[in-house]
Amino acid sequence: MKIGSQEHRDAFCRHFTQTYTEYDPSALPWPELDDAALYRLRSVPFWEEVFYTERRAGAIVAAFTETVADPILRDALALQGREETRHAQLIRVMIEKYGLDVSERSLEDISDNIERRFKDFGFGECLDSFFGFGLFKLAGQSEFLPKEMLQIFEALMYEETRHIVFFINWMAYTETRQGRGARTILPLTSLYYYLRAIGRTIGLARRGKELNDGQNFAATQVSMFLDGFNFHRFLEDCYSENSRRMSAFEPELLRPRFLPQLAVTALRALRLWNSRSKLESDVPMSR
Ligand SMILES: [Fe+2]
Ligand SMILES: [Fe+2]
């Protein structure tokens with residue numbers, strides 16, 4: 001299948017629409033939480049940011065959809081916009097059900113330069129999802145949240161995975177049709193957008209820290225998550241979870257490749273580093 005062809009467009013749009021799942025966030029099997037689980041859920045400092053991000057995502061995708069003339073792309077994009085809006089609804093249901101202390105900040109103005117915003121948002125989702133896959137696995141292992149709750153979020157993770165596969169294919173399709181890139185997105189283009197996404201994430205983390213200073217994501221909560229945390233293992237988890245989740249998609253579709261490749265390089269370097277330091281500590285110092 002030639003990337004940038006109508007066949008390619010039809011394949012990634014068809015796959016996206018065919019894997020859609022219908023559900024109503026308020027009718028999901030939300031579990032009753034005991035005091036300890038409720039306390040843990042309420043102490044998570046980033047729900048407000050997640051809520052805002054999903055609402056902003058819905059608005060960006062919907063506004064970008066309006067500018068797209070191709071009816072096949074337009075339908076698929078409209079569906080993604082509805083899914084993002086449903087993510088925001090899902091978070092809203094959780095906030096209300098469990099009495100989370102989260103306010104609804106008003107959305108920033110997203111009206112200018114909407115294609116650029118959509119691309120920034122798409123690469124941002126690729127970045128968030130790659131590390132989100134590892135975090136999600138960690139959350140499951142640490143039993144920070146009950147299984148029933150994680151199952152609800154599993155549905156959301158699957159949709160985000162569909163979004164990034166759709167986005168990467170849309171991006172390659174668009175770049176190829178505009179005469180840039182061939183068969184895939186140029187690495188420099190990816191690097192450019194990932195650096196922008198990382199910049200935004202750092203800004204977010206700074207703002208989050210300011211907002212959360214003095215709040216009660218107590219040491220016990222963090223340690224439950226991070227006890228025995230090992231960056232090497234975390235990166236391995238991100239990589240293997242990414243591969244596992246991506247294997248559910250049709251082989252002919254493109255997948256995000258930039259971050260997994262970067263992770264492989266980093267893991268090799270870490271392995272080399274570890275084996276060197278082990279060798280040095282094994283060899284007795286000669287005098
Ligand atoms: Fe979302
Ligand atoms: Fe998404």
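Order of appearance sets the numbers: ligands from 1, and atoms from 1 within every ligand.
For the Fe ion (ligand 2), protein N, O or S atoms closer than 2.8 Å were enumerated as E84 OE2, E125 OE2, E160 OE1, H163 ND1, with waters left out.
The neighbour count for D35 CG, taken as heavy atoms of other residues, nucleotides or ligands under 6.0 Å away, does not exceed 12.
Considering only heavy atoms from C-beta on, L38 comes within 4.5 Å of Y98 through its side chain.
Side chain of S129 to backbone of C126: no donor-acceptor contact under 3.5 angstrom is found. Side-chain atoms of R255 come within 3.5 Å of backbone atoms of L253 as a donor-acceptor pair (strictly under, hydrogens ignored).
Close placement of the F118 and W170 rings is indicated, their centers lying within 6.0 Å of each other.
Contacts of Y194 classified as ring-ring contact (aromatic ring centres under 6.0 Å, His included), with partners at least two apart in sequence or in another chain: F123, F258.
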